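Down below is the structure, laid out as structure tokens.
What you are looking at is a predicted structure, and each value in this text was computed from that prediction instead of being measured. Only heavy atoms go into these numbers, but all of them, side chains included; no hydrogens, no water, no symmetry mates.
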Amino acid sequence: MARPMTVGFDSVLNGCRLLPVLTVPSTAMAGPLADALAAGGARCAEVTFRTPGAERVLKAMAAHGGLVVGAGTVLTPEQAERAVAAGARFVVSPAFDEEVVAKCRELGVPVVPGIATATELMRALKAGLDTVKHFPAEPLGGLRTLQALAAPFPRTRFVPTGGIDASRLAAYLAHPAVLAVGGSWMATTDHLERGDYKDIRRLTAEAVEAVEAVEAVEAVEAVEAVEAVEAVEAVEAVEAVEAVEGSMT
């Protein structure tokens with residue numbers, strides 16, 4: 001039997017750079033939570049397999065239709081299989097595990113393993129992966145550590161997660177190696193237990209605005225870079241014409 005074609009993680013995210021990481025105590029919370037996240041502008045979410053009902057929560061949120069939902073804290077191939085059966089579009093693991101990676105490839109879903117060191121990153125790259133989760137990002141030294149890892153591995157994309165909050169979001173997103181940023185501050189267990197979906201929506205909307213601000217700066221910088229190249233090419237073209245004209249006189 002032919003192995004299913006695995007879609008890239010960036011293709012599944014489809015431009016989504018904010019990844020709410022959710023630990024949901026009750027299946028009954030899944031619908032209101034998905035509504036609040038989507039209303040705040042989120043387009044994707046990661047449901048962690050840290051609770052007994054995680055599989056049912058994932059299934060309910062995947063059925064919502066407004067979010068691309070994946071599974072997080074996946075530790076075994078069996079969990080990966082259950083997650084995909086429940087509707088997970090991607091799988092995230094806190095560490096690199098060959099069996100989990102192999103199972104996800106068999107299932108045709110992108111997998112993003114966690115790495116903390118250059119050695120772990122090299123193992124992931126040798127396994128054919130190009131996107132990894134930098135975890136736990138802040139306890140490991142934050143953006144400075146990510147920059148140090150990205151420098152010798154320029155083609156690697158990172159999804160930093162762990163200890164990141166709203167105050168650090170923009171700084172991580174501004175790094176060119178960062179594909180998306182994961183965080184739980186938008187929808188904490190405390191929010192869910194209080195039923196405070198209004199605050200979840202507010203925090204999500206603020207985070208989305210921060211993402212959009214970073215992307216607006218990037219767009220301006222991209223235009224300026226193109227204009228700078230065009231200006232140099234225009235000068236070179238003029239100089240070339242003048243050189244030709246000079247040779248003819």
Contacts of A137 meeting side-chain contact (heavy atoms from CB on, under 4.5 Å) (sequence neighbours excluded), chain-then-number -> H134, P160, I164, Y172
When every non-hydrogen atom of P154 is compared with those of A151, the smallest separation belongs to CD-O, 3.9 Å
Tell me, which pairs form a salt bridge (Lys or Arg N to Asp or Glu O under 4.0 Å) where one or both residues lie in residues 176-185, sequence neighbours left out? none
Heavy atoms, side chains only, cut-off 4.5 Å: are M61 and L37 in contact? yes
Who pairs with F90 by ring-ring contact (aromatic ring centres under 6.0 Å, His included), at least two apart in sequence or on another chain? F9
Hydrophobic clusters here meaning ILVMFWY residues chained together by side-chain heavy-atom distances under 4.5 Å, can you tell me if L107 and V69 are in one? no
Any idea which heavy atoms bring A180 and C16 closest together, and the distance? CB-O, 3.9 Å
Compare every heavy atom of T189 with every heavy atom of P25, then report the nearest pair and how far apart it is. CG-CG2, 3.8 Å
Applying side-chain contact (heavy atoms from CB on, under 4.5 Å), name anything that partners T48, two or more places apart in sequence or on another chain. V21, T23, E46, R50, T73
Just jot down the side-chain hydrogen bond (donor to acceptor under 3.5 Å, both in side chains) partners of T119, sequence neighbours excluded, or say none. none
Which heavy atom of A42 sits nearest to which heavy atom of V208, and what is that distance? N-CG2, 4.0 Å
Across all chains, not counting sequence neighbours, the side-chain contact (heavy atoms from CB on, under 4.5 Å) partners of A171 are L143, R168
Counterpart residues, side-chain contact (heavy atoms from CB on, under 4.5 Å), relative to R82 (two or more places apart): F49, E55, E78, Q79
Walk me through whether V68 and N14 qualify under side-chain contact (heavy atoms from CB on, under 4.5 Å). CA-CA 9 Å; V68 174; N14 192 27; over 6 Å; no
Looking at every heavy atom in both L58 and G87, which two are closest together, and how far apart are they? CD2-C, 3.8 Å
Within the side chain of R17, is there an N or O that forms a donor-acceptor pair under 3.5 Å with the backbone of L173? yes
Can you name the residues that form a salt bridge (charged side-chain N to carboxylate O under 4.0 Å, His left out) with D196, not counting sequence neighbours? R194
Is there a side-chain contact between D35 and Y197 in this structure, where contact means two heavy atoms from C-beta onward sitting under 4.5 Å apart? no
Assess the residue pair D10 and L179 against the criterion (side-chain contact (heavy atoms from CB on, under 4.5 Å)); give the C-alpha distance rounded to whole Å, side-chain angles, the decisive distance to 0.1 Å, and a yes or no. CA-CA 7 Å; D10 55 345; L179 177 64; 4.0 Å; yes
Pairs under 3.5 angstrom only: tabulate donor-acceptor contacts from the side chains of residues 198-206 to other protein residues two or more places apart or in another chain.
unit_1 : atom_1 : unit_2 : atom_2 : d
D199   : OD1    : R202   : NE     : 2.8
D199   : OD1    : R202   : NH2    : 2.6
D199   : OD2    : H191   : NE2    : 2.9
R202   : NH1    : E206   : OE1    : 3.4
R202   : NH1    : E206   : OE2    : 2.9
T204   : OG1    : I200   : O      : 2.7

For E138 and G163, the nearest pair of non-hydrogen atoms, with its separation, is CG-O, 3.3 Å
Does any pair with a residue in residues 143-166 pass side-chain hydrogen bond (donor to acceptor under 3.5 Å, both in side chains), and if so which ones, sequence neighbours excluded? D165-S167
Assigning hydrophobic clusters by single linkage (Ile, Leu, Val, Met, Phe, Trp, Tyr; side-chain heavy-atom cutoff under 4.5 Å), is V214 placed with W185? yes
Taking C-beta and beyond as the side chain, do L75 and P94 meet within less than 4.5 Å on heavy atoms? yes
Kindly determine whether V92 and F135 satisfy side-chain contact (heavy atoms from CB on, under 4.5 Å), including the steps that lead there. CA-CA 11 Å; V92 181; F135 177 80; over 6 Å; no
Check whether L18 and L67 end up in the same hydrophobic cluster, where Ile, Leu, Val, Met, Phe, Trp and Tyr are linked by side-chain heavy atoms less than 4.5 Å apart. no
Hey, does L149 have a side-chain heavy atom less than 4.5 Å from the side chain of I115? yes
Within one Ile-Leu-Val-Met-Phe-Trp-Tyr cluster: V109 and L129, side-chain cutoff 4.5 Å: yes
For K103, give me all partners under salt bridge (charged side-chain N to carboxylate O under 4.0 Å, His left out), at least two apart in sequence or on another chain. E81, E106
Same apolar cluster: V132 and L125, side chain cutoff 4.5 Å: yes
Under the salt bridge (charged side-chain N to carboxylate O under 4.0 Å, His left out) test, which residues partner E98, sequence neighbours left out? R123
